[in-house]
Structure formats: C-alpha cells, structure tokens
A.B. asks: 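For reference, the structure I am asking about is given below.
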There are 4 protein chains.
Amino acid sequence: MSPRTKKQFEEIRENKKALIMRSALELFAESGYHSVSVKDIAKKSQISKGLLYNYFESKEDLLKAIIIQGLNSISDLIDPDHDGVVTTGEMRFMIDEMFHILTDHRIFLMLYFSILTQPDVMVLASREIEDFFEQLMRKLQSYFRVRGSTDPRADAILFGAILDGIFFNYILNNRDYPIEQVKKRIVELFVK
Amino acid sequence: MSPRTKKQFEEIRENKKALIMRSALELFAESGYHSVSVKDIAKKSQISKGLLYNYFESKEDLLKAIIIQGLNSISDLIDPDHDGVVTTGEMRFMIDEMFHILTDHRIFLMLYFSILTQPDVMVLASREIEDFFEQLMRKLQSYFRVRGSTDPRADAILFGAILDGIFFNYILNNRDYPIEQVKKRIVELFVK
Amino acid sequence: MSPRTKKQFEEIRENKKALIMRSALELFAESGYHSVSVKDIAKKSQISKGLLYNYFESKEDLLKAIIIQGLNSISDLIDPDHDGVVTTGEMRFMIDEMFHILTDHRIFLMLYFSILTQPDVMVLASREIEDFFEQLMRKLQSYFRVRGSTDPRADAILFGAILDGIFFNYILNNRDYPIEQVKKRIVELFVK
Amino acid sequence: MSPRTKKQFEEIRENKKALIMRSALELFAESGYHSVSVKDIAKKSQISKGLLYNYFESKEDLLKAIIIQGLNSISDLIDPDHDGVVTTGEMRFMIDEMFHILTDHRIFLMLYFSILTQPDVMVLASREIEDFFEQLMRKLQSYFRVRGSTDPRADAILFGAILDGIFFNYILNNRDYPIEQVKKRIVELFVK
DNA sequence: GATGAATGAGAGTTCATTCAT
DNA sequence: TATGAATGAACTCTCATTCAT
C-alpha cells in the first residue's frame with residue numbers, strides 16, 4: 001500500500017490537535033488548569049498520554065495554544081476587518097457580538113477569567129492577553145473620542161469594567177441571570 | 001515562674017494561627033493556591049510543617065479559614081450593625097468602605113477572585129461565598145426598592161457587576177487606574 | 001525505464017545502512033548512547049523512524065553493528081593478512097597504524113571507550129570486543145616472545161595498557177596533546 | 001516526648017545521605033548512570049523515592065555529590081598535606097597509594113571512568129574532575145622537573161597515561177591481572 | 001521501500017500528610 | 001508544643017517500538 005501523503009498527515013494532525021484542545025478547554029474550564037492532569041486530557045481525547053506530546057510540547061504549551069486560539073476567534077468576531085476604527089453601528093454590532101460570545105464561548109471565558117486571576121498560569125500567556133486587551137482598549141477609546149467624550153480613556157475603562165463585571169457574574173451564576181435586560185441597559189447607556 | 005494560664009495559651013494559639021493565615025494569604029495571592037506548597041507557608045511563618053497541621057487540618061482547611069475570615073471582616077466593614085437595611089447615607093458609606101477595601105484588602109481580593117474562578121478551589125468555600133453574596137444582594141435590593149426602582153433585582157445585579165468589574169480590573173492592573181474618578185461616577189449614578 | 005536489478009537494490013540498502021550507522025556513530029560519540037534517541041538518528045539520516053527499523057532490529061542492534069564494523073576495520077588495518085604473526089617490521093607498522101587510527105577513527109574510539117565502561121551497553125557487544133582483544137593480545141605476546149622477553153604476557157599487557165592510556169587521554173583532551181613525541185617514545189621503548 | 005535535637009537530626013541526615021550515596025555508587029558502577037533509576041537507588045537504600053529528594057535535589061545532584069566525595073577522598077590519600085611538592089619518597093608513597101586506591105576504591109574508579117567517557121554525564125562534574133586532574137598534573141610535573149627531566153610536561157602526561165591505562169584495564173578485567181608485577185615495573189621506570 | 005501517528009511502560013520529580021521523637 | 005524525616009500517590013514528560021497507510 002502506498003504511504004499517506006503529506007496532506008493526509010496534515011489533516012490528521014489538525015484534527016487531532018483540535019480534538020485535544022477542545023477536550024482540554026472543557027476540562028480546564030470545568031476544574032481549573034492545575035486540577036486537570038495530562039492523563040485526564042488524554043483520556044477525554046481518547047488518545048494515549050504520549051501522543052499528546054506529539055502535538056504539544058508541554059501542558060503549558062497546550063494551554064497557550066488554547067488561549068491564543070480563543071483570543072483570535074473572539075478578535076475576529078468583534079472586529080472582522082481589523083481596522084481599529086469603530087462607528088456607532090459597529091459599536092452596536094460589537095456589543096451584540098460580545099453578548100453572543102458570552103453565550104457561545106462561555107467555556108472559553110471561564111478559562112479566560114480563571115487564568116487572569118492565577119498569577120502562575122497568567123505568566124504563560126501574558127503577552128497574548130495584554131496584546132488583546134490593548135487592541136480592545138484602543139478601539140473603545142477611538143469610539144468614545146469620536147462621540148465627544150471629555151475623557152475617552154476613563155470611559156473606555158469604565159465600559160470595559162462593566163462588561164467584565166457582567167461577564168464575570170454571568171459565568172459564575174448563569175442560571176437566572178437577566179442577561180437580556182442588562183444588555184438593553186448597556187446599549188441605552190453607551191450607544192444611544 | 002508561674003505557668004501560663006489557659007487564656008495565655010489560647011492567645012498564643014490564636015496569634016500563631018493568625019500568623020500562618022497571613023503568610024498563606026500573601027503567598028496564595030502572589031503565586032496562586034496550587035503553586036504554593038505547605039512547606040512554603042511553614043517557612044514563611046517560621047514554623048515547621050508539622051506544626052501547621054496542629055493548627056489546620058489540611059491545606060484546604062487553611063484556605064477555607066482565610067476566606068471565611070476575609071469575608072467576615074469585609075462584611076463587618078460594609079454593614080457593621082448587620083440589620084440588612086440600607087439608607088442613602090449607609091449606601092454612600094458602603095461605597096466608601098468598598099473602595100477602602102479595594103485598597104486595604106487588595107491581597108485578599110486577589111485571592112477571592114482567583115478562588116471564584118477556580119472551580120476545584122471554589123467548592124471548598126462555596127457555602128460561605130454564596131452566603132456573603134446573598135446577604136449583599138438582599139441589602140442592595142432593599143436599597144433600590146426603597147429608592148423606587150422599577151426592577152430592584154436588576155439594578156442590584158448591575159450595581160454588583162459594575163463593582164466586580166472595576167475591582168477586577170483594578171486588581172489586575174492597579175498602576176494607572178483612575179480609581180477616584182470612577183468612584184465619583186459610581187456615586188453620581190447610584191446614590192445622588 | 002528498466003526496473004532496478006537485485007544488485008542495485010542491495011546497493012541502495014547497503015548505502016542507507018552505512019548512512020544510518022555513520023549518523024548514529026557520530027551522535028553516540030557526541031552525546032552518549034543513552035542520550036541519543038532513535039528520532040535523533042533518523043533525523044540526522046534524513047529518514048523516518050520507521051525506516052530505521054527496516055534496517056536494524058532495534059537501537060541496540062544498530063549499536064552492535066557499529067561496534068562490529070569499527071572493530072573489523074581496525075583489525076584490518078592492524079593485521080591485514082590475519083596470520084597472527086608479528087615481525088619487528090610489522091610491529092612498527094602496527095604502531096603506525098594504531099596512531100593513524102587514533103586520529104582517523106577518533107569518533108569510533110570515543111564510542112568504543114564509552115561502551116567499555118558502560119556495563120549495560122557493554123553486554124551488547126562483549127563477545128565481539130573480547131574476541132578483538134584476545135586476538136590483539138595473542139599477536140603482541142608472539143611479538144614479545146620472538147623478541148626474547150622473559151614474561152611476554154606481562155609485556156603485552158603493559159604495552160596494551162600504555163596504548164589504552166594514551167588513547168584515552170588523547171581522546172578526552174586532544175587539543176594540546178604531544179602525540180608525536182609520545183609515539184616516538186613508544187617506538188624507542190618497545191621496538192628498537 | 002521531647003522533640004529531637006538539632007544534632008540528632010544532623011546525624012540522621014548524614015547517615016542517610018551516606019547510605020544513599022553508597023547505594024547509588026554501587027549501582028552506577030555496576031550498571032551505568034543512565035541504566036539505574038531513582039527507584040532502584042531508593043530500593044537498594046530501603047527508603048522511598050520521595051525521601052531521596054529530601055537529601056539530593058536531583059539524580060544529577062546525587063551523582064555530583066558522589067564524584068566530589070570520591071575525588072576528595074582520593075586527593076587526601078595521594079597528597080595529605082596538599083602542598084603540591086613531591087619528593088622522591090612522596091612519589092613512591094603516591095604510587096603505593098594509587099595502587100591501594102585501585103583495589104580499595106575500585107567501584108568508584110569504575111564510575112569515574114564511565115563518567116569520563118559519557119559526554120552527557122561528564123558535563124555534570126566537569127569542573128570538579130578538571131580541577132582534580134590539573135592538581136595531579138602540577139604535582140607530577142614538579143616531580144619530574146626536580147628529577148632533571150628534559151620535558152617534565154611530556155613525562156607527566158606519559159606517566160598519567162600509563163596509570164590510566166593500567167587502571168582502565170585492571171578495572172575491566174581484574175581477574176587475572178598481574179598487578180604487582182606491573183607496579184614493580186612502574187617504580188623501576190619512574191622512581192629509581 | 002517509506003511515513004509518522006500512535007502506544008505504553010517507565011522515567012524523574014513534587015508534595016500533602018503522618019509520625020516518632 | 002514542635003520538629004523534620006519519611007511516605008506514597010500522583011504528576012509531567014520521554015522514548016523505543018509498532019503499524020496502518
């Protein structure tokens with residue numbers, strides 16, 4: 001039989017990598033980075049421990065890959081054209097997307113918050129997270145500046161804090177969170 | 001020399017316990033619960049590992065004690081008379097206290113947030129944290145109800161979220177946070 | 001295109017085998033048998049891990065092949081006619097060759113010494129090495145016997161030890177080793 | 001019961017450390033550094049794996065400790081007064097001691113040779129070994145200089161090589177090695 | 001012939017906890 | 001009360017070898 005082509009190998013790699021990252025993300029969000037062992041991840045992915053190291057250099061490397069992927073996919077949703085300029089329409093769209101992310105990427109957000117507050121884990125991805133954060137802040141400031149704010153930086157910070165707070169609370173207790181009302185209030189306060 | 005009285009012994013015990021808790025709190029906030037070993041805590045407290053187990057049943061038990069103590073001391077500051085009723089004056093006072101806590105108990109808050117987002121650690125103190133949270137919500141709701149809000153629960157939730165968000169961001173990045181401006185804004189929005 | 005003949009296939013096989021052995025020898029000498037992985041050898045040989053097992057049954061088998069080949073090629077140089085008899089002229093020639101080997105087969109000698117001193121690796125090739133050694137000793141003894149030594153065995157042992165010692169030191173520190181002077185001294189002591 | 005005194009703890013530590021080092025030395029010499037697992041060492045020492053790490057930071061650290069101890073004890077035997085000057089009497093004494101070491105510290109010498117030839121292990125103790133070697137060379141050179149040698153350095157190197165060669169062969173095959181005759185010959189050649 | 005994904009046993013190491021003193 | 005030696009389970013990671021393609 002002829003050996004697999006390069007393309008076939010790549011496909012296998014991509015699929016398996018995605019599978020491992022998905023399993024790991026769920027476990028990390030569920031139980032916390034330190035409480036999940038490589039063995040757990042391998043078991044959930046239905047592969048051997050050894051194979052995991054064929055795809056990721058270390059457990060830390062795996063976490064980093066998950067974070068980068070998550071931040072990138074969120075980045076894409078919030079600012080698809082990456083131009084850094086935010087009109088009122090785009091702001092409304094951005095808020096919409098943010099709240100979609102809140103429900104669609106809930107698990108990633110859980111991981112994200114848990115990482116932010118764990119110094120020893122945070123260092124692993126601090127560069128990527130800081131970059132993401134700065135990019136978002138720049139966008140918000142430009143928006144408030146265009147709107148005529150007297151202190152765009154403070155407004156951007158406050159807006160970010162409110163989002164963080166809502167997200168944080170929603171994630172910790174999403175059973176009976178009045179998410180729609182809250183969203184409406186935000187739009188009233190910051191867009192209209 | 002006269003032997004120490006029972007009271008003196010208890011005092012020594014309490015002091016040592018407090019010392020251990022203080023050391024552990026600092027280390028946990030600095031490096032994360034999982035990255036701090038019992039040996040580290042013992043060393044920082046200048047006692048032996050064995051003695052630590054004389055005061056706390058386990059590392060988890062120690063963490064729980066720290067959390068309970070922290071929540072209680074915050075509770076006391078926010079609502080000294082524990083009557084659950086909040087007047088406008090008390091609300092202003094409460095916000096004042098909250099922001100004092102933010103600066104005075106910064107280390108505890110770091111630990112607090114890191115615990116909230118680590119499910120495996122959270123279970124250790126979930127009862128205490130939920131109790132604290134409910135108590136605070138009841139207080140806020142009663143305040144907004146008295147003030148004539150159409151949806152006191154939503155208002156309480158939003159207020160709580162904003163506080164959480166600000167605290168969260170401040171703790172992660174307190175170097176150049178415009179904390180005073182933000183506080184003023186909050187007072188304008190929710191008290192006046 | 002005409003299909004390759006059987007002979008051509010065998011040639012390819014032999015070339016590939018030689019390539020793998022050369023790569024492995026260099027790596028083993030450089031980093032030690034245990035510190036070199038099969039992956040390393042495959043990479044250096046620019047083949048896949050799997051293919052290596054097409055040529056050698058195991059990593060140990062590969063090492064054994066390298067040792068046997070090395071010993072044989074040295075044997076050939078020292079005693080091309082394999083007659084076991086050593087005249088004075090042949091002794092002089094043998095010493096010449098030995099010192100040539102020292103510089104030309106330096107890498108193999110490094111591996112050789114490292115194997116001699118690693119019991120767990122030594123067992124893999126002990127037969128071959130012992131055979132080689134005995135053959136050499138027989139040759140040296142016959143030489144000293146012909147020369148009229150009172151204790152040819154002791155002389156042979158001493159001569160062997162001196163060679164070993166010089167080689168050993170030269171290999172460990174060949175930067176500023178006065179190899180030519182030493183060789184002259186040996187010839188004076190044992191041939192003239 | 002009163003707790004153990006500091007001195008008692010120190011005694012326990014020293015004894016256990018020595019026990020572990022002894023076990024490890026034997027195993028390393030017997031099977032080679034890489035083929036001996038920490039588990040093996042612990043089992044031979046009749047302790048748990050974990051305890052080993054109470055006494056040594058790592059397997060490498062343990063090896064290093066063994067080497068340093070071995071070199072020091074040999075150093076002490078060869079040159080008790082550490083003055084670096086060697087008279088004829090002292091040279092005779094030194095040779096005597098060397099050959100004693102050969103029989104008494106045989107196991108350490110096996111380890112020593114195996115380390116010298118394993119690059120990846122050698123790096124762990126290269127400093128210590130180089131220091132030891134230089135010290136010995138200086139001593140030998142001073143001896144040959146005083147004796148009126150035309151090339152003290154070459155003589156020292158040759159003498160060292162001969163010793164190495166003899167030791168090396170003796171260690172690899174000590175069953176029927178004519179060690180006494182060889183020693184006599186050395187004394188004749190280099191002292192008388 | 002040739003590939004590299006996949007395995008599984010075992011490596012070195014850490015650490016909460018216990019216990020003799 | 002107080003010590004730190006001692007344990008053992010669990011951890012992350014490695015690697016020779018196999019096998020479907």
Side-chain angles (χ1 to χ4, degrees), chain A residues 1-6 8-13 15-16 34-42 46-62, chain B residues 4 9 12-13 16 34-42 47-62, chain C residues 4 9 12-13 16 34-42 47-62, chain D residues 1-6 8-13 15-16 34-42 46-62:
Chain A
M1 242 169 286
S2 59
R4 273 183 269 231
T5 62
K6 231 171 191 169
Q8 280 175 310
F9 276 127
E10 252 174 48
E11 225 171 277
I12 292 173
R13 274 193 87 78
N15 289 343
K16 205 111 283 177
H34 284 108
S35 295
V36 173
S37 71
V38 170
K39 196 179 175 180
D40 295 332
I41 300 168
Q46 290 184 293
I47 58 164
S48 67
K49 255 187 306 167
L51 188 58
L52 195 148
Y53 286 89
N54 205 329
Y55 292 100
F56 301 95
E57 282 184 3
S58 64
K59 193 186 169 189
E60 294 191 349
D61 183 47
L62 168 57
Chain B
R4 274 180 269 229
F9 269 121
I12 292 172
R13 249 193 103 78
K16 204 131 257 186
H34 285 106
S35 294
V36 174
S37 71
V38 171
K39 199 179 175 179
D40 294 333
I41 300 168
I47 59 164
S48 69
K49 262 184 300 169
L51 190 57
L52 193 148
Y53 282 86
N54 211 320
Y55 290 100
F56 300 94
E57 281 184 4
S58 64
K59 193 186 170 189
E60 295 192 347
D61 182 48
L62 168 57
Chain C
R4 272 182 270 229
F9 268 122
I12 292 172
R13 250 193 103 77
K16 205 133 255 186
H34 285 106
S35 293
V36 174
S37 72
V38 171
K39 200 179 176 180
D40 294 333
I41 300 168
I47 59 164
S48 69
K49 262 184 302 168
L51 190 57
L52 194 149
Y53 282 86
N54 210 319
Y55 291 100
F56 300 95
E57 282 185 4
S58 65
K59 193 187 170 189
E60 295 192 347
D61 183 47
L62 167 58
Chain D
M1 244 170 283
S2 60
R4 273 183 268 234
T5 62
K6 231 173 194 170
Q8 279 174 310
F9 277 127
E10 253 173 47
E11 223 170 279
I12 292 173
R13 275 193 87 79
N15 289 342
K16 206 105 292 171
H34 284 108
S35 294
V36 174
S37 71
V38 171
K39 197 180 175 181
D40 295 333
I41 300 168
Q46 290 186 295
I47 59 165
S48 67
K49 255 190 305 170
L51 187 57
L52 196 148
Y53 286 87
N54 205 327
Y55 292 99
F56 300 94
E57 283 184 3
S58 63
K59 194 187 169 190
E60 294 192 349
D61 183 45
L62 168 56

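Nothing here was measured: the structure is a model prediction, and the numbers come from that model. So that the names make sense, note that chain A is the first sequence line, chain B the second, and so on, each numbered from 1.
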A.B. asks: Using a 4.0 Å heavy-atom cut-off, does A:Leu51 contact any base of the nucleic acid, only the sugar-phosphate backbone, or nothing at all?
C.D. replies: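 Result for A:Leu51 = base.
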A.B. asks: Could you check whether D:Ser48 gets within reach of a base, just the sugar-phosphate, or nothing at all, counting any heavy atom under 4.0 Å?
C.D. replies: base
A.B. asks: Could you state the atom-to-atom distance from CD1 of A:Ile47 to P of F:dC19 in whole Å?
C.D. replies: 19 Å
A.B. asks: Spell out, as yes or no, whether a donor-acceptor pair under 3.5 Å connects the side chain of A:Lys16 to the backbone of A:Leu51.
C.D. replies: no
A.B. asks: Nearest whole angstrom, please: distance from the P of F:dA16 to the CG of C:Leu62.
C.D. replies: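 One finds 11 Å between P of F:dA16 and CG of C:Leu62, rounded.
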A.B. asks: Report the distance from atom CG of C:Asp61 to atom P of F:dA16, rounded to the nearest whole Å.
C.D. replies: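 Taking CG of C:Asp61 and P of F:dA16, I get 14 Å after rounding.
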A.B. asks: Let me confirm one number: the NZ-CG distance from A:Lys49 to A:Asp40, rounded to the nearest 0.5 Å.
C.D. replies: 11.0 Å
A.B. asks: Just by distance, do the side chain of A:Asn15 and the backbone of A:Ile12 share a donor-acceptor pair under 3.5 Å?
C.D. replies: no
A.B. asks: Who is the Watson-Crick or G-U wobble partner of E:dG4, with both distances under 3.5 Å?
C.D. replies: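 Its partner is F:dC19.
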A.B. asks: Atom CG of C:Leu52 and atom P of E:dA5: how far apart are they, to the nearest Å?
C.D. replies: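 C:Leu52 atom CG is separated from E:dA5 atom P by 17 Å.
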A.B. asks: Taking any heavy-atom pair under 4.0 Å as a contact, classify A:Tyr55: base, sugar-phosphate, or nothing.
C.D. replies: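 Since only primed, P, OP1 and OP2 atoms lie under 4.0 Å of A:Tyr55, the category is sugar-phosphate.
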A.B. asks: Under 3.5 Å, is there any donor-acceptor pair linking the side chain of D:Lys49 to the base of E:dT13?
C.D. replies: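 Check passes, donor-acceptor contact within cut-off.
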A.B. asks: When you measure from the side-chain N and O atoms of D:Tyr53 to the phosphate of E:dT13, is any distance below 4.0 Å, counting only OP1 and OP2?
C.D. replies: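 Indeed, a polar side-chain atom of D:Tyr53 lies that close.
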A.B. asks: What is the nucleic acid contact for A:Lys6, judged by heavy atoms within less than 4.0 Å: base, sugar-phosphate only, or nothing?
C.D. replies: nothing
A.B. asks: Can you tell me the distance, in whole Å, between the CD atom of B:Glu60 and the P atom of E:dC15?
C.D. replies: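 Computing the B:Glu60:CD to E:dC15:P distance gives 16 Å.
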A.B. asks: Assign each of A:Gln8 and C:Ser37 to its nearest nucleotide of DNA chain F by heavy atoms, then name whichever residue's nucleotide is nearer the 5' end.
C.D. replies: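 Between the two, 5'-proximity favours C:Ser37.
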A.B. asks: Nearest nucleotide by nearest heavy atom, which residue falls closer to the 5' end of DNA chain F, D:Glu10 or C:Lys39?
C.D. replies: D:Glu10
A.B. asks: Assuming nearest nucleotide by heavy-atom distance, tell me which of D:Glu57 and B:Glu57 is located more 5' along DNA chain E.
C.D. replies: D:Glu57
A.B. asks: Quick one: C:His34 NE2 to F:dA16 C1', roughly how many Å, whole number?
C.D. replies: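 Between C1' of F:dA16 and NE2 of C:His34: 12 Å.
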A.B. asks: Starting from P on F:dA16, measure out to CZ on C:Phe56 and report it in whole angstrom.
C.D. replies: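 Checked: the CZ to P distance equals 15 Å.
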A.B. asks: Kindly compute the distance separating CG (A:Leu62) from OH (A:Tyr53), expressed to the nearest 0.5 Å.
C.D. replies: 9.0 Å
A.B. asks: Do the side chain of B:Lys59 and the main chain of B:Val36 share a donor and acceptor less than 3.5 angstrom apart?
C.D. replies: yes
A.B. asks: Need one value for B:Lys59: base, sugar-phosphate or nothing, where a base atom within 4.0 Å counts as base even if backbone is also close, heavy atoms only.
C.D. replies: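 Sugar-phosphate contact only.
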A.B. asks: Using the closest heavy atom to pick a nucleotide of DNA chain E for each, name whichever of C:Arg13 or A:Gln46 lands nearer the 5' end.
C.D. replies: C:Arg13
A.B. asks: Nearest whole angstrom, please: distance from the P of E:dA5 to the CZ of A:Phe9.
C.D. replies: 6 Å
A.B. asks: For the CD atom on A:Gln8, are there more than 12 heavy atoms of other groups (residues, nucleotides or ligands in this structure) within a distance under 6.0 Å?
C.D. replies: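 Check passes, neighbour count above 12.
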A.B. asks: Can you tell me if the side-chain N/O atoms of A:Asn54 get under 4.0 Å from OP1 or OP2 in E:dA5?
C.D. replies: yes
